Number of protein chains: 2
Amino acid sequence: MVKEPDEKTDGLPDHVGWRLWQASRAWQAEFAAAMRAAGHAWFSEARAGLLGHIPRNGTRQSALIERAATSKQAVQQLLDGLEAEGVLERLPDPRDGRGKLVRYTRKGLDALRDGDRIKLQIERSYIDRIGEQRFAALMDALRSLDAEQGDASGEAPASK
Amino acid sequence: MVKEPDEKTDGLPDHVGWRLWQASRAWQAEFAAAMRAAGHAWFSEARAGLLGHIPRNGTRQSALIERAATSKQAVQQLLDGLEAEGVLERLPDPRDGRGKLVRYTRKGLDALRDGDRIKLQIERSYIDRIGEQRFAALMDALRSLDAEQGDASGEAPASK
DNA sequence: TCCGTATGGTCAAGATACTTGACGATCTTC
DNA sequence: GAAGATCGTCAAGTATCTTGACCATACGGA
């Protein structure tokens with residue numbers, strides 16, 4: 001199946017994983033650039049990945065750790081950074097003396113709002129590029145993949 | 001379009017970027033785990049990203065830098081690591097005294113072979129999960145996105 | 001031929017993201 | 001209460017990527 005690569009068409013990968021990776025990278029780069037251009041200089045892809053797991057009304061830090069597919073220490077360090085930037089704040093959990101609640105500051109909520117706007121812009125440009133139908137099919141397939149997400153893949157490392 | 005988040009269904013993102021990111025991460029994690037299980041302990045996602053840009057018959061380091069969307073120094077450091085692991089080797093380019101050619105060692109080619117096998121396994125499991133039709137639509141959409149890749153996104157930083 | 005400039009690659013230092021290991025504080029269960 | 005689990009933190013190390021400076025070679029024209 002791997003046809004003899006020549007100087008021009010060069011046998012670069014063409015499978016789901018590669019395509020997903022490329023598409024994901026392109027999206028992230030575009031989004032992050034737009035966010036920084038919108039004045040959110042603290043924005044990075046790793047931070048975005050974490051924020052994606054924090055609902056607008058906040059969450060418990062421990063709940064966050066379950067969702068994000070990394071160690072609790074990684075989450076904590078990201079949170080430290082975001083807190084230092086004034087995007088989030090951590091409060092003691094009134095219902096659990098050990099726990100902490102994470103929630104957005106006004107600055108964080110502003111960023112979310114801008115993020116929503118940018119997100120829609122990019123989405124529109126994607127639809128322009130590949131057509132509404134293909135775009136819908138893309139979303140449908142991705143959602144199915146996620147729903148059918150068996151187990152074999154990326155569960156949290158759960159640092160003992 | 002962003003519906004009011006509630007405690008249960010929790011307003012986690014549901015847009016192209018997020019879905020692509022999640023899907024990509026899941027694929028990478030599964031693939032990397034399988035590669036390491038197959039005995040390629042040196043395998044990492046960053047390295048995979050670079051190897052994806054190196055055709056089986058090798059390439060010039062400079063050509064690699066153009067393709068990979070990072071700085072030449074980042075590419076070099078990845079290459080250093082892969083060379084130290086014995087996956088790749090660098091030779092002087094006979095046609096350009098400044099240049100170097102990058103090519104796979106036997107160990108590297110073995111890894112590529114295993115990678116192809118694993119890749120097909122995962123692809124098959126995806127088809128099982130979401131159906132052949134949806135899978136085809138997914139690939140179609142992703143390819144269209146890539147082809148239509150205007151410009152706004154991730155071109156190489158081209159460290160001056 | 002020689003000079004100016006561009007290109008290919010390297011070295012070095014620092015920032016970011018993430019990992020593992022150890023630990024203290026609080027909750028839960030019996 | 002006392003054992004054990006859970007929540008969060010501190011600390012140290014690794015991997016990846018960035019920026020800046022630098023040398024060697026190639027190329028293009030005067």
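Keep in mind it's a predicted model, so treat the numbers as computed, not measured. Lettering of chains follows the sequences in order, A, B, ..., and the numbering in each one begins at 1.
- Cluster partners of A/Trp21, using a side-chain heavy-atom cutoff of under 4.5 Å among ILVMFWY residues and allowing indirect links, are A/Trp18.
- A donor-acceptor contact under 3.5 Å links the side chain of A/Gln73 to the base of C/dG21.
- Identified under the ring-ring contact (aromatic ring centres under 6.0 Å, His included) test for residues 80-104 of chain B, with sequence neighbours left out: none.
- Salt-bridge check for A/Asp116 with A/Arg56: passed, with a basic side-chain N closer than 4.0 Å to an acidic carboxylate O.
- Closest approach of A/Ser24 and B/Leu20 over heavy atoms only: CB-O, 3.9 Å.
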Compile the donor-acceptor pairs under 3.5 Å between side chains in residues 42-49 of chain A and protein atoms, sequence neighbours left out, one pair per line.
unit_1  : atom_1 : unit_2  : atom_2 : d
A/Ser44 : OG     : A/Arg47 : N      : 3.2
A/Arg47 : NH1    : A/Trp42 : O      : 2.8

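- At a threshold of 4.0 Å, the pair A/Arg143-B/Asp14 counts as salt-bridged, since one of the basic side-chain nitrogens sits closer than that to a carboxylate oxygen.
- Put simply, CD1 on B/Ile65 is 14 Å from C1' on D/dC17, counting in whole angstrom units.
- Side chain B/Gln76 to base C/dG8: no donor-acceptor pair is found below 3.5 Å.
- From one end of the helix from C/dT1-D/dA30 to C/dC30-D/dG1 to the other, with five pairs defining each end axis, the axis direction shifts by 20° (rounded to 10°).
- Summarising the local packing, CD of B/Gln133 is surrounded by 12 or fewer heavy atoms from other residues, nucleotides or ligands at distances under 6.0 Å.
- Taking atom NZ of residue B/Lys100 and atom P of nucleotide D/dA26, one finds them 14 Å apart after rounding to whole Å.
- Listed by chain and residue number, B/Arg103, B/Thr105 satisfy the side-chain contact (heavy atoms from CB on, under 4.5 Å) test with B/Glu89 (two or more places apart in sequence, or in another chain).
- Going from atom CG of B/Leu64 over to atom C1' of C/dT10 covers 16 Å, rounded to whole Å.
- A/Arg117 meets the salt bridge (charged side-chain N to carboxylate O under 4.0 Å, His left out) test with A/Asp114; sequence neighbours excluded.
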query: Where along nucleotides 25-30 of chain C does protein come under 4.0 Å, by heavy atom, of base (B) or sugar-phosphate alone (S), with - for untouched nucleotides?
result: -BS---
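- Checked against side-chain hydrogen bond (donor to acceptor under 3.5 Å, both in side chains), B/Arg25 has no partners two or more places apart in sequence or in another chain.
- Counting non-hydrogen atoms of other residues, nucleotides and ligands closer than 6.0 Å to CZ of A/Arg106 gives a total of 12 or fewer.
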query: How far apart are the C-alpha atoms of B/Leu64 and B/Leu79, what are their side-chain angles, what is the distance that settles it, and do they pass the side chain to side chain contact (heavy atoms under 4.5 Å, CB included) test?
result: CA-CA 10 Å; B/Leu64 192 49; B/Leu79 286 177; 4.0 Å; yes
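- Side-chain atoms of B/Lys72 and base atoms of C/dG9 include a donor and an acceptor less than 3.5 Å apart.
- A heavy-atom distance below 4.0 Å to DNA chain C is reached by these residues of residues 82-91 of chain B, ordered by number: B/Arg90.
- Of the listed residues (B/Leu78, B/Val102, B/Leu50), just one forms a side chain to side chain contact (heavy atoms under 4.5 Å, CB included) with B/Leu88, and that residue is B/Val102.
- Comment: B/Arg113 engages B/Asp110 in a salt bridge, judged by a side-chain N to carboxylate O separation of less than 4.0 angstrom.
- In the region residues 34-42 of chain B, proximity to DNA chain C at under 4.0 angstrom, judged on heavy atoms, holds for none of the residues.
- With salt bridges taken as basic N to acidic carboxylate O contacts below 4.0 Å, one links B/Arg90 and B/Asp80.
- Listed by chain and residue number, B/Arg60 satisfy the side-chain contact (heavy atoms from CB on, under 4.5 Å) test with B/Ser62 (two or more places apart in sequence, or in another chain).
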Between protein and nucleic acid, restricted to nucleotides 16-18 of chain C and to nitrogen or oxygen atoms under 3.5 Å apart, what atom pairs and distances do you find?
unit_1 : atom_1 : unit_2  : atom_2 : d
C/dA17 : OP1    : A/Ser44 : OG     : 2.6
C/dC18 : N4     : A/Gln77 : OE1    : 2.9

